[in-house]
Amino acid sequence: MENKEQPDLLDTQPLQETDDELTAEIDYCEIMSEEEKEELKNELVKLEDEIVTLRQVLAAKEKHLAEIKHKLGVSMMNELKQNFSRSWHDVQTHSAYKKTQETLSQAGMKASAALTNVGSAIGKKLGDMRNSPTFKSFEERVENTVTSLRAKVGAPNQTQGSFEEVLSSTAHASAHSSLAGTLLPEAEEDLQC
């Protein structure tokens with residue numbers, strides 16, 4: 001049984017035009033009287049005159065606006081600044097800007113945390129390295145070298161200090177010898193005699 005109410009989708013009959021399509025093709029000039037045509041022409045002229053008048057009024061108001069702004073000291077630059085500020089405010093209040101700002105803020109916090117973790121790891125590694133046997137051996141060698149240099153130079157015997165004190169005194173001695181310049185070779189000759 002076929003349903004007679006539903007049209008066949010594969011039906012090959014041509015489509016019929018609607019009343020709207022038929023009315024669009026009608027030439028109104030043929031069905032209007034001369035009086036109606038004259039009224040429409042008068043209305044057209046009247047509308048065109050009103051548009052011209054409105055343009056003149058708008059131009060006069062824009063000129064008056066410019067004069068007032070000039071008297072108030074509002075310059076084009078000030079207007080541009082205000083427009084820019086207003087536009088920037090609009091951008092900042094837009095949801096896409098807020099989402100981007102939040103995402104970048106979170107990324108910055110994560111990067112900061114990661115750098116803090118790396119710094120802590122490096123600090124811990126250096127601390128561990130300082131306690132290693134290799135570093136202790138290096139520290140002892142530096143202390144022995146400084147002690148022997150002091151003995152050769154004739155500096156008064158001091159107790160062996162911490163590694164930092166030894167490095168500080170070595171740096172001080174190095175700075176002193178570089179200031180002395182040519183006196184250092186003479187001091188070496190004195191030591192060899």
Side-chain angles (χ1 to χ4, degrees), residues 9 54-55 57-193:
L9 294 177
L54 289 172
R55 285 184 180 151
V57 169
L58 179 62
K61 290 199 180 268
E62 286 176 338
K63 183 179 178 184
H64 185 63
L65 174 73
E67 289 171 358
I68 291 173
K69 284 182 178 181
H70 180 70
K71 288 178 182 177
L72 290 174
V74 177
S75 66
M76 284 293 286
M77 186 57 101
N78 289 342
E79 285 187 60
L80 288 174
K81 286 179 185 177
Q82 288 174 352
N83 288 340
F84 180 75
S85 295
R86 197 173 313 118
S87 298
W88 181 243
H89 179 265
D90 293 345
V91 166
Q92 287 179 324
T93 56
H94 196 271
S95 62
Y97 177 84
K98 287 182 179 180
K99 287 179 184 177
T100 303
Q101 184 181 24
E102 289 172 8
T103 303
L104 290 175
S105 176
Q106 289 174 356
M109 286 189 287
K110 288 179 181 179
S112 177
L115 289 174
T116 300
N117 289 341
V118 167
S120 297
I122 290 173
K124 184 179 184 301
K125 196 67 165 174
L126 289 175
D128 292 346
M129 196 171 89
R130 183 163 184 198
N131 294 329
S132 71
T134 306
F135 191 82
K136 291 288 186 188
S137 172
F138 174 73
E139 186 177 27
E140 288 173 7
R141 286 183 185 166
V142 170
E143 286 176 358
N144 290 337
T145 304
V146 169
T147 303
S148 65
L149 283 174
R150 281 185 180 161
K152 288 180 182 179
V153 173
N157 252 350
Q158 297 176 355
T159 60
Q160 291 184 352
S162 68
F163 183 68
E164 288 83 14
E165 291 171 352
V166 170
L167 285 179
S168 174
S169 65
T170 305
H172 179 68
S174 173
H176 181 67
S177 66
S178 67
L179 290 176
T182 58
L183 295 178
L184 186 60
E186 294 172 5
E188 287 179 3
E189 289 175 6
D190 291 341
L191 288 176
Q192 291 175 357
C193 296

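The structure places NZ of Lys63 at 13.0 Å from CD1 of Ile68, a figure rounded to the nearest 0.5 Å. Note that the CD atom of Glu67 and the NE2 atom of His70 stand 9.5 Å from one another [nearest 0.5 Å]. The line from NE2 of His94 to CG of Asp90 is 9.5 Å long, rounded to the nearest 0.5 Å. Annotation: the span from Glu143 atom CD to Phe138 atom CZ amounts to 10.5 Å, rounded to 0.5 Å.
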- request: For side chain to side chain contact (heavy atoms under 4.5 Å, CB included), just list the numbers for His64 and Lys61, CA-CA rounded to whole Å, side-chain angles, deciding distance to a tenth of an Å, and then say yes or no.
  value: CA-CA 5 Å; His64 185 63; Lys61 290 199 180 268; 5.5 Å; no
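Shown here are the side-chain hydrogen bond (donor to acceptor under 3.5 Å, both in side chains) partners of Asn83, two or more places apart in sequence or in another chain: Arg86. For the side-chain hydrogen bond (donor to acceptor under 3.5 Å, both in side chains) test, residues two or more places apart in sequence or in another chain that qualify with Glu79 are Lys69.
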Donor-acceptor pairs under 3.5 Å, side chain of residues 95-114 to any protein atom, not counting sequence neighbours: which ones?
unit_1, atom_1, unit_2, atom_2, d
Thr100, OG1, Ala96, O, 2.8
Thr103, OG1, Lys99, O, 2.8

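At least one donor-acceptor pair under 3.5 Å links the side chain of Thr145 to the backbone N or O of Arg141.
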